[in-house]
There are 2 protein chains.
Amino acid sequence: MPKETNRLRENGRTKAGFDEKDRMLLRLLAQDATRSYADMGAQIHLSPPAVHERVKRLKRDGYIRATVSLLDGEKIGRPLLSFIHVDTTGWGAKSPMRALSELEEVEEIHTVTGDTCVILKVRMPGTQALEDLLARIYRIEGVKGTRSYVALSTYLERGPT
Amino acid sequence: MPKETNRLRENGRTKAGFDEKDRMLLRLLAQDATRSYADMGAQIHLSPPAVHERVKRLKRDGYIRATVSLLDGEKIGRPLLSFIHVDTTGWGAKSPMRALSELEEVEEIHTVTGDTCVILKVRMPGTQALEDLLARIYRIEGVKGTRSYVALSTYLERGPT
DNA sequence: ATAAATACCGAATGAAATTCGGTGAAAACG
DNA sequence: CGTTTTCACCGAATTTCATTCGGTATTTAT
């Protein structure tokens, strides 16, 4: 087993766990994960196998959580994006709230600080469906009230880069 | 050139522009875009070339906007997720707001209905960086005020499926 | 100083994407 | 209706790419 060391690596990977090339790779993949290793490697001055090994490590170590296709909300029949603030009495409503994960219209669930307890991001087919969802939320024990913010235009929407 | 017709297709693709197999493919890709066409095809009863053609069409027609890797916010040094509501006087602040797209910490910008005008989703390295961002926002002409909601826990975070 | 670990490369291999006719069924047309 | 066109599919062939495999140089630990 390797012994402890108190010295930091001089070059390459530091405390963050990745070096500059890793960082650039992550950025490239976050923008477009369909490019070939050879292609990205040329941009970053690495051979395809070298890129492959780095990406494999970045996945194994959890820097890359998943690789997915981003769908167009409107095209798939859910043009109505909104954020819903949910106020609850105490934290008892947290667990039933997680059940909303089952609904595919619900994209995000966060507990937050501030003048509300939970923020939901949802994408609905229309106002009727949104109203139904709100009804369902109010049925949850401990829900005091909600405020809804319907998106008019989306100027930017992306993941961490 | 084909003449007009007033009849809908009986089976297969309808007004939505995709059929059941397309829909399933989209769901699969939104969850994991690394699977092979052969693999997904087996699940959906299609040959690899058939899957390939469908995916190509779904991309061309805009159902699939992009294929990207999702990075871990904490791992890449941005553990502080928050939503910022921005109130403005009139809509003059909209354009300068779009300039925030340049900052890679800013992930979403929406104009919304409700008791605020704009909602930002941002992921910051820490509280200091968040304060700096707020200072920058307040410097924008027409910004009346902001409210910030810092995420404590994220129970769900995904794209449209 | 020496041993161990790491990151890289070029070459070889394997798997997957992509291309290419060919077929059958449905839709459009007259 | 019968005919033509379009469409989605398949199996086989091809090509591109991911992946594996030594081998080397550099760095890190002992």
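The sequence lines fix the lettering, A, B, ..., with proteins before strands; numbering per chain opens at 1. Just so it is clear, the values below take in all heavy atoms, side chains as well, and ignore hydrogens, waters and symmetry mates.
- Under the side chain to side chain donor-acceptor pair (under 3.5 Å) criterion, Thr113(B) pairs with no residue at all, not counting sequence neighbours.
- Side chains of Gln43(B) and Arg35(B): a donor-acceptor N/O pair is present below 3.5 angstrom, by distance only.
- Whole-Å rounding puts the Tyr37(A) OH to dA15(C) P distance at 17 Å.
- Connectivity analysis of hydrophobic side chains (ILVMFWY, heavy atoms under 4.5 Å, direct or indirect) links Trp91(B) to Leu152(A).
- Applying the side chain to side chain contact (heavy atoms under 4.5 Å, CB included) test to Gln128(B) and every residue at least two apart in sequence or in another chain returns Glu131(B), Asp132(B).
- Scanning for side chain to side chain contact (heavy atoms under 4.5 Å, CB included) contacts around Ala66(A) gives Val68(A), with sequence neighbours left out.
- Here Ile84(B) is tied into one hydrophobic group with Tyr155(A), Leu156(A), Leu80(B), Val86(B), Met97(B), Leu100(B), Leu103(B), Val106(B), Ile109(B), Val118(B), Leu120(B), Val122(B), Met124(B), Leu130(B), Leu133(B), Leu134(B), Ile137(B), Tyr138(B), Ile140(B), Val143(B), Val150(B), each link being a pair of ILVMFWY side chains closer than 4.5 Å.
- Residue Asp39(B) contributes atom CG, which lies 16 Å from atom C1' of dA18(D) at whole-angstrom precision.
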Please write out each protein N/O paired with an N/O of nucleotides 23-25 of chain C under 3.5 Å, distance rounded to 0.1 Å.
none

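- In this structure, the side chain to side chain donor-acceptor pair (under 3.5 Å) partners of Tyr149(B), at least two apart in sequence or on a different chain, are Asp115(A).
- Listed by residue number, the members of residues 42-58 of chain B with any heavy atom below 4.0 angstrom from DNA chain C are Pro49(B), His52(B).
- In this structure, the salt bridge (charged side-chain N to carboxylate O under 4.0 Å, His left out) partners of Arg147(A), at least two apart in sequence or on a different chain, are Asp87(A).
- For Asp22(B), the salt bridge (charged side-chain N to carboxylate O under 4.0 Å, His left out) partners are Arg13(B), Arg54(B), Arg57(B), not counting sequence neighbours.
- Within the structure, salt bridge (charged side-chain N to carboxylate O under 4.0 Å, His left out) pairs that include any residue of residues 100-114 of chain B comprise Arg27(A)-Glu104(B), Lys121(A)-Glu108(B), Arg78(B)-Glu104(B), Glu107(B)-Arg123(B), Glu108(B)-Lys121(B) (at least two apart or interchain).
- The stretch residues 16-34 of chain B has no heavy atom under 4.0 angstrom from DNA chain C at all.
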